[in-house]
Amino acid sequence: MVFFADDELYKVIQEKIKNEFGQVVTTYTKEQLPYMVNIQPIEEKAIKYTFGEDISSTLQAYVEKEMNFCIGDVVVFENLAYEVEKKVSWKSYDIIALKRVDIKWQ
């Protein structure tokens with residue numbers, strides 16, 4: 001159970017479609033309903049302690065196991081897009097490292 005889950009995190013659905021020129025392009029659509037999570041900044045000392053390696057993420061989110069976040073998922077927090085860079089599973093919750101990415105979603 002994640003306490004103080006007062007931040008809204010939206011998953012982004014990635015879809016590959018053909019445009020009018022026949023090119024395959026990726027579109028991003030933000031889901032309508034948010035996931036309630038706890039998001040905190042990561043300090044350098046916590047990166048190695050929690051995730052065990054150097055990562056370029058600037059935020060970490062404590063999420064319920066049932067939310068099924070995977071490495072590579074794109075999410076939106078405060079109208080900025082992030083990618084799940086690393087995931088650490090604990091007994092009752094997961095911690096995910098969020099790295100800023102530059103995409104446009106609908």
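In terms of heavy atoms, Cys70 sits closest to Val84 at O-CB, 3.4 Å. Scanning both residues, Gln32 and Tyr10, for their nearest heavy atoms gives O-CE2, 3.5 Å. Across all non-hydrogen atoms, the minimal contact from Ala81 to Arg100 is O-NH1, 3.2 Å. Between Lys65 and Ser89, the shortest heavy-atom contact is NZ-CB, 3.5 Å. In plain terms, the two heavy atoms of Val24 and Lys18 that are nearest each other are CG2-CG, 4.1 Å. Glu8 approaches Met36 most closely through the heavy-atom pair CG-SD, 3.7 Å.
You'll find the side chain of Tyr35 stays beyond 4.5 Å of the side chain of Val75, heavy atoms only. Under the 4.5 Å side-chain criterion, counting only non-hydrogen atoms from C-beta, Phe77 is in contact with Leu59. Counting heavy atoms from C-beta on, the side chains of Phe51 and Gln60 come closer than 4.5 Å.
Between the side chain of Lys11 and the backbone N or O of Met67 there is at least one donor-acceptor pair closer than 3.5 Å. Of the possible donor and acceptor atoms, none in the side chain of Glu83 sits under 3.5 Å from a partner among the backbone N and O of Val101.
Within a 6.0 Å radius of CG in Leu33, no more than 12 heavy atoms belonging to other residues, nucleotides or ligands are found.
Of the listed residues (Asp94, Ile95, Asp7, Val37), just one forms a side-chain contact (heavy atoms from CB on, under 4.5 Å) with Tyr62, and that residue is Ile95. Of the residues Val63, Ile71, Val88, Ile39, the one that meets the side-chain contact (heavy atoms from CB on, under 4.5 Å) test with Ile96 is Val63.
Here the OH atom belonging to Tyr82 is positioned 5.5 Å from the OG1 atom belonging to Thr58, to the nearest 0.5 angstrom. Put simply, CD1 on Ile42 and OG1 on Thr50 are 7.5 Å apart, with the number rounded to the nearest 0.5 Å. Atoms CD and CD1, from Gln23 and Ile17 in turn, are 11.5 Å apart once rounded to the nearest 0.5 Å.
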